[in-house]
Amino acid sequence: PPFPSHRGVCHTLSLLSEIITMSTTLRAVAVYIPLLTGSLSMLGSGSILYSIWARRHTKLKDPQHRILGMMSLFDMCYSLCKALTFVLYPRDLGVPGTFGNQATCTVQGFFTQFGYAAGTYNLVLSLYYYLTINRGMKHKDFARVLEKVLHGSVITLHIGFAITGAAIGLFNPTASFCYIAPSPFGCLGSDDIPCDRFGTTFHYFYEAFAQFWIQLAYVVIIVTNLLIWLYVRKRENEMKKYRMSCRTIGTDEKLLKMKKSSNHARSVFVQSMLYVGAFVLSWSWATIFHLISWIGGVSVFWPTLLINTFLPLQGFWNAFIYARPRYLRIRKQRQSLGFGEVVKLAFLPPMEAGTDLSQNASLGGRPKSTADGPISGASGTGATRSFLAHLINLGSARSSTASEGLRSGNWAADLSDIEECDDEQGESAESPSSGDRESASEHVLID
C-alpha cells in the first residue's frame with residue numbers, strides 16, 4: 001500500500017523497517033545462512049580441539065591451550081545450534097522449510113545461552129596474556145591461583161543462565177532464531193497481539209544474561225591489550241637504550257636475552273590482537289542489535305541478518321589464528337615442503353607428535369610422546385634424527401622416482417623439528433627457569 005505522506009519521513013522509515021523485518025525472503029535467508037557459517041565454525045573449532053588432543057602431552061600443560069580448548073568446545077555448541085536453526089525454528093511462523101516448535105525453540109535458546117561462554121572466554125584469554133607477559137606470572141601459578149576459578153565461573157554462570165531462561169520460558173522466537181524475546185511472536189509493537197510474557201522486561205534479561213558479559217569482555221580485552229602493547233614498547237625502548245650505551249655488535253648475552261624476550265612479547269601481542277579481531281568481527285553485531293533495539297527503540301532486520309552470518313564464525317577465524325604460528329614455523333624450518341603439506345601440518349598435526357612412529361607402529365603399540373620421557377630402545381634420538389635428515393637431503397638430489405619417497409622423509413624430518421619445539425614448550429610450561437617477569441614472559445606459548 002502507498003505510504004501516508006502526511007505522517008512524514010520518520011513514519012515512512014519506520015514503516016519500511018517493519019516491512020523489511022517481516023520479509024519472508026530475508027527471514028528465510030537469515031534462518032539458512034547459519035547452516036553454512038555454523039558448519040564452518042564447527043570445522044574450525046574441531047581442528048583446534050584435534051590439534052590440542054593430538055599433542056595433549058605438551059599442549060595441555062599450557063593454560064593457553066586449555067583456555068582455547070574450552071572456548072572451542074563452547075563455540076562448537078553455539079555453532080551447532082545455529083547451524084540447525086532451520087530444524088529448531090517453529091514451523092508455523094512463516095519461514096519455509098522450518099520444522100520446529102516451541103520446545104525445539106527453547107532448546108536452541110538454551111544452547112545459544114550456554115554457547116555465549118565462548119565469547120566470555122575471550123576475556124579469560126586476554127587476562128592470561130596480560131598476567132603472563134606484563135606481570136610475569138608463571139604458568140603453574142596461573143593454573144593454581146586463577147585458572148580453576150575462571151573456568152568454574154564462566155561455566156557455572158552461563159549454564160545457570162541457560163537453565164534459568166528455559167525454566168521461566170524466556171527463550172522464544174525472534175524474526176529468524178530463538179533466544180531471549182517476548183512471547184508470543186510479533187507482539188512487540190503490535191496493538192493487535194498483546195505480549196503475555198516479557199514484553200517490557202526482555203531487554204533487561206538480554207543485558208544481564210548475554211550482553212553485560214560481552215561488554216565486560218570488550219573492556220577487559222581493550223585494557224589488557226593496550227597494557228601489553230605499552231609493555232612491548234617499553235621493552236623495545238630499553239633494548240635500544242642498552243644497545244646504544246654498550247655499542248655492542250649483537251653478541252652481548254644480556255642484549256640477546258632482551259631481544260629474545262622483546263620479540264616473544266611482540267609475537268604474543270600480535271597473536272592476542274588477532275584473537276581480538278575475531279572476537280570483534282563475530283560478536284559486535286549482537287551488541288549493535290541490542291543497542292538499536294533497546295536504546296534506540298527501533299526494530300530493524302539487518303543486524304539480525306549479520307548476527308546469523310558472523311557470530312557463528314568465531315571458531316572459523318580462531319582456527320586460522322591458532323594454526324598461524326605453527327604454519328610460519330614450519331614454512332621457515334622446512335622450506336622444501338609444498339603449501340598443501342604445510343597447511344595440513346599446521347591445521348592437523350599428527351597424533352602424539354614427538355613419537356618414534358616407525359618403532360611404535362612395528363610394535364603395534366600406542367605412540368608415546370617424548371614429553372613423557374625417552375622411548376624405550378630409542379636412545380641417541382638426536383643422532384638418529386640427524387642421520388635421517390642427512391639421508392633425506394641426499395635423497396633430494398636423486399631421481400624423480402626416489403622423490404616420491406622424499407615426501408615421507410620430509411614429513412618425518414618436519415615432525416622431528418616440531419617435536420623438539422613442543423618438548424621445549426612442555427618443559428617450560430612445567431618449570432620456568434626463573435620467577436622474574438622477563439623469564440616468565442618468554443614462556444607464554446603462542447603455538
Side-chain angles (χ1 to χ4, degrees), residues 67 70-71 73-75 77-79 81-82 106 108-130 146-147 149-172 174 177-183 188 197-227 272 275-300 303-304 306-308 310-315 318:
I67 294 170
M70 292 301 297
M71 184 192 298
L73 280 174
F74 283 108
D75 180 77
C77 173
Y78 181 89
S79 300
C81 75
K82 278 294 187 180
T106 301
Q108 185 181 40
F110 178 91
F111 284 102
T112 298
Q113 180 62 61
F114 192 50
Y116 257 72
T120 310
Y121 264 107
N122 287 273
L123 179 156
V124 178
L125 185 63
S126 289
L127 185 63
Y128 166 76
Y129 283 143
Y130 167 74
L146 288 177
E147 187 179 6
V149 174
L150 292 171
H151 283 303
S153 299
V154 172
I155 295 171
T156 303
L157 191 72
H158 286 281
I159 197 171
F161 286 153
I163 293 173
T164 301
I168 65 177
L170 186 59
F171 302 134
N172 297 294
T174 66
F177 59 89
C178 294
Y179 192 46
I180 298 172
S183 178
L188 195 64
R197 293 176 298 178
F198 311 110
T200 58
T201 59
F202 79 97
H203 287 301
Y204 300 102
F205 280 104
Y206 186 62
E207 176 67 21
F209 282 26
Q211 275 302 307
F212 173 78
W213 308 103
I214 300 302
Q215 292 159 7
L216 178 63
Y218 275 118
V219 174
V220 172
I221 286 170
I222 291 172
V223 172
T224 53
N225 280 274
L226 177 61
L227 292 174
S272 178
Y275 283 119
V276 170
F279 171 76
V280 172
L281 184 61
S282 300
W283 290 90
S284 295
W285 310 109
T287 303
I288 293 173
F289 172 81
H290 177 59
L291 295 176
I292 290 177
S293 178
W294 187 16
I295 299 176
V298 179
S299 179
V300 293
T304 305
L306 292 173
I307 289 173
N308 281 12
F310 286 99
L311 215 163
L313 283 173
Q314 183 178 12
N318 283 351

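As the structure is a prediction and not an experimental result, all values here were calculated from the model.
- Proximity of Trp285 to Leu311: side-chain heavy atoms (C-beta onward) are nowhere separated by under 4.5 Å.
- Rounding to the nearest 0.5 Å gives a distance of 5.0 Å between CD1 of Ile307 and CZ of Phe177.
- Remark: side-chain polar atoms of Asn225 are paired, donor with acceptor, to backbone N or O of Ile221 under 3.5 angstrom.
- In this structure, Asn122 and Gln314 have side chains that are in contact, with non-hydrogen atoms separated by less than 4.5 Å.
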_Could you go through Phe205 and Ile168, starting from their C-alpha distance and side-chain angles, then the distance that decides it, and tell me whether this counts as side-chain contact (heavy atoms from CB on, under 4.5 Å)?_
CA-CA 11 Å; Phe205 280 104; Ile168 65 177; 4.0 Å; yes

Would you list the atom pairs, donor with acceptor, under 3.5 Å between side chains in residues 109-118 and any protein atom, with sequence neighbours excluded?
| residue | atom | partner | partner atom | Å |
| --- | --- | --- | --- | --- |
| Thr112 | OG1 | Gln108 | O | 2.7 |
| Gln113 | OE1 | Tyr179 | OH | 2.6 |
| Gln113 | NE2 | Phe209 | O | 3.0 |

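- Rounding to the nearest 0.5 Å gives a distance of 10.0 Å between NE2 of His158 and OG of Ser153.
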*Might you work through the side-chain contact (heavy atoms from CB on, under 4.5 Å) test for Val280 and Tyr218, ending with a clear yes or no?*
CA-CA 8 Å; Val280 172; Tyr218 275 118; 3.9 Å; yes

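- Separation of atoms CG (Leu125) and CZ (Phe279) is listed at 11.5 Å; rounding is to 0.5 Å.
- Side-chain contact between Ile155 and Tyr121 is present, with heavy atoms from C-beta onward closer than 4.5 Å.
- Using a 4.5 Å cut-off on side-chain heavy atoms (C-beta onward), Trp213 and Leu157 make contact.
- Atoms CG and CG, from Leu313 and Asn318 in turn, are 10.5 Å apart once rounded to the nearest 0.5 Å.
- The distance from atom OH of Tyr128 to atom OG1 of Thr224, rounded to the nearest 0.5 Å, is 13.5 Å.
- Checked by atom type and distance alone, the side chain of Trp283 never pairs as donor or acceptor with a backbone atom of Phe310 at under 3.5 Å.
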